[in-house]
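Quantities reported herein were computed from a predicted structural model and do not represent experimental measurements.
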Amino acid sequence: MAKDHPDANLIGIDKEEKLVKEAQNRNQSNQITFRQDDILSQGHLFEKLDLVMLNNALYYFSNGERSKIFDYVYQSLRENGHFTMITPLANHGKGREFPAAFNSFMCAHEDMQPLPTEKEIKKAR
């Protein structure tokens, strides 16, 4: 993202200090700021953003927490800002085998949640 948009100011946020430090160590751009933060305990970011990306993270949050995350994201966006999210969905059309296997794996871990369904995502927004 930094390479393709050299004028952008980017912020990476993670709850885990270890992951933030790893991202800082790997970072080769001065346009990315990394911050350890728990977005569920924040009202909003310091500044309004043009774009928020949430990739492959929803399985760390319960349905109720997912709604809070979406609220946080939309409060953090500028008036014409954009939100993009990448996540596998449970019970969604083609390729049901992957979400089924993924859900089995997630449910075996205490800190992981089942994948959301498309209906749950639409309801949480």
Side-chain angles (χ1 to χ4, degrees):
M1 190 90 168
K3 206 181 293 183
D4 291 340
H5 301 279
D7 294 333
N9 292 315
L10 306 170
I11 302 169
I13 301 173
D14 200 289
K15 184 177 176 179
E16 299 295 327
E17 180 180 10
K18 182 175 92 172
L19 295 178
V20 171
K21 285 183 179 180
E22 183 178 334
Q24 288 169 330
N25 290 337
R26 289 182 176 193
N27 182 28
Q28 296 182 7
S29 169
N30 62 359
Q31 70 193 89
I32 306 173
T33 303
F34 294 96
R35 201 169 78 215
Q36 180 187 358
D37 216 337
D38 179 357
I39 63 173
L40 292 175
S41 67
Q42 297 293 324
H44 55 82
L45 288 173
F46 301 4
E47 58 187 294
K48 295 290 186 173
L49 304 172
D50 294 316
L51 172 67
V52 173
M53 296 172 57
L54 180 66
N55 295 343
N56 293 317
L58 290 183
Y59 40 82
Y60 291 108
F61 304 99
S62 68
N63 279 337
E65 291 171 329
R66 291 170 184 165
S67 290
K68 289 179 186 178
I69 289 169
F70 293 145
D71 288 345
Y72 173 84
V73 165
Y74 287 113
Q75 289 173 17
S76 300
L77 289 171
R78 292 184 194 266
E79 185 175 331
N80 293 317
H82 300 279
F83 172 47
T84 180
M85 177 177 64
I86 297 172
T87 188
L89 296 173
N91 304 323
H92 192 266
K94 298 178 183 175
R96 288 182 186 219
E97 296 82 6
F98 172 77
F102 198 83
N103 267 340
S104 294
F105 175 78
M106 291 299 136
C107 291
H109 295 83
E110 281 184 30
D111 58 342
M112 301 289 195
Q113 302 292 320
L115 292 173
T117 64
E118 184 174 8
K119 185 177 179 179
E120 289 169 341
I121 294 290
K122 288 180 178 179
K123 184 178 178 183
R125 297 188 300 168

Just how far is it from atom CD of Gln36 to atom CG of Leu19, taken to the nearest 0.5 Å? 9.5 Å
Is any side-chain heavy atom of Met85 less than 4.5 Å from a side-chain heavy atom of Phe70? yes
Is there a path from Met1 to Leu77 through hydrophobic residues (I, L, V, M, F, W, Y) whose side chains come within less than 4.5 Å of each other? no
Min side-chain heavy-atom separation Ile69-Leu54 under 4.5 Å: yes
Are Met53 and Val20 connected, step by step, through hydrophobic side chains (Ile, Leu, Val, Met, Phe, Trp, Tyr) whose heavy atoms are closer than 4.5 Å? yes
Within one Ile-Leu-Val-Met-Phe-Trp-Tyr cluster: Tyr74 and Val52, side-chain cutoff 4.5 Å: yes
Identify the two heavy atoms, one from Ile32 and one from Ala2, that lie closest to each other, and give their separation to 0.1 Å. CD1-CB, 4.0 Å
Distance in Å, Thr33 OG1 paired with Ile13 CD1, rounded so as to fall on 0.5 Å steps: 10.0 Å
Pairing residues for Asn9 by the side chain to side chain contact (heavy atoms under 4.5 Å, CB included) criterion, not counting sequence neighbours: none
More than 12 non-hydrogen atoms from neighbouring residues, nucleotides or ligands closer than 6.0 Å to CG on Asn55, yes or no? yes
Does any part of the side chain of Asp14, heavy atoms only, come nearer than 4.5 Å to the side chain of Glu22, both counted from C-beta? no
If the condition is side chain to side chain contact (heavy atoms under 4.5 Å, CB included), which residues does Ser62 pass it with, not counting sequence neighbours? Glu65, Gln113
Hits for salt bridge (Lys or Arg N to Asp or Glu O under 4.0 Å) against Lys21, two or more places apart or cross-chain, chain-then-number order -> Glu17
Partner residues of Tyr60 under the ring pair (Phe, Tyr, Trp, His ring centres under 6.0 Å) criterion, sequence neighbours left out: none
Who pairs with Asp50 by side chain to side chain donor-acceptor pair (under 3.5 Å), at least two apart in sequence or on another chain? Arg78
Hydrophobic cluster identity match, Leu51 and Leu10, side-chain contacts under 4.5 Å: yes
What residues form a side chain to side chain contact (heavy atoms under 4.5 Å, CB included) with Glu79, not counting sequence neighbours? none
Any donor-acceptor N/O pair, Arg66 side chain to Leu58 backbone, under 3.5 Å: yes
Ignoring hydrogens, what is the shortest heavy-atom contact between Ile11 and Arg35? Give both atom names and the distance. CG2-NH1, 4.5 Å
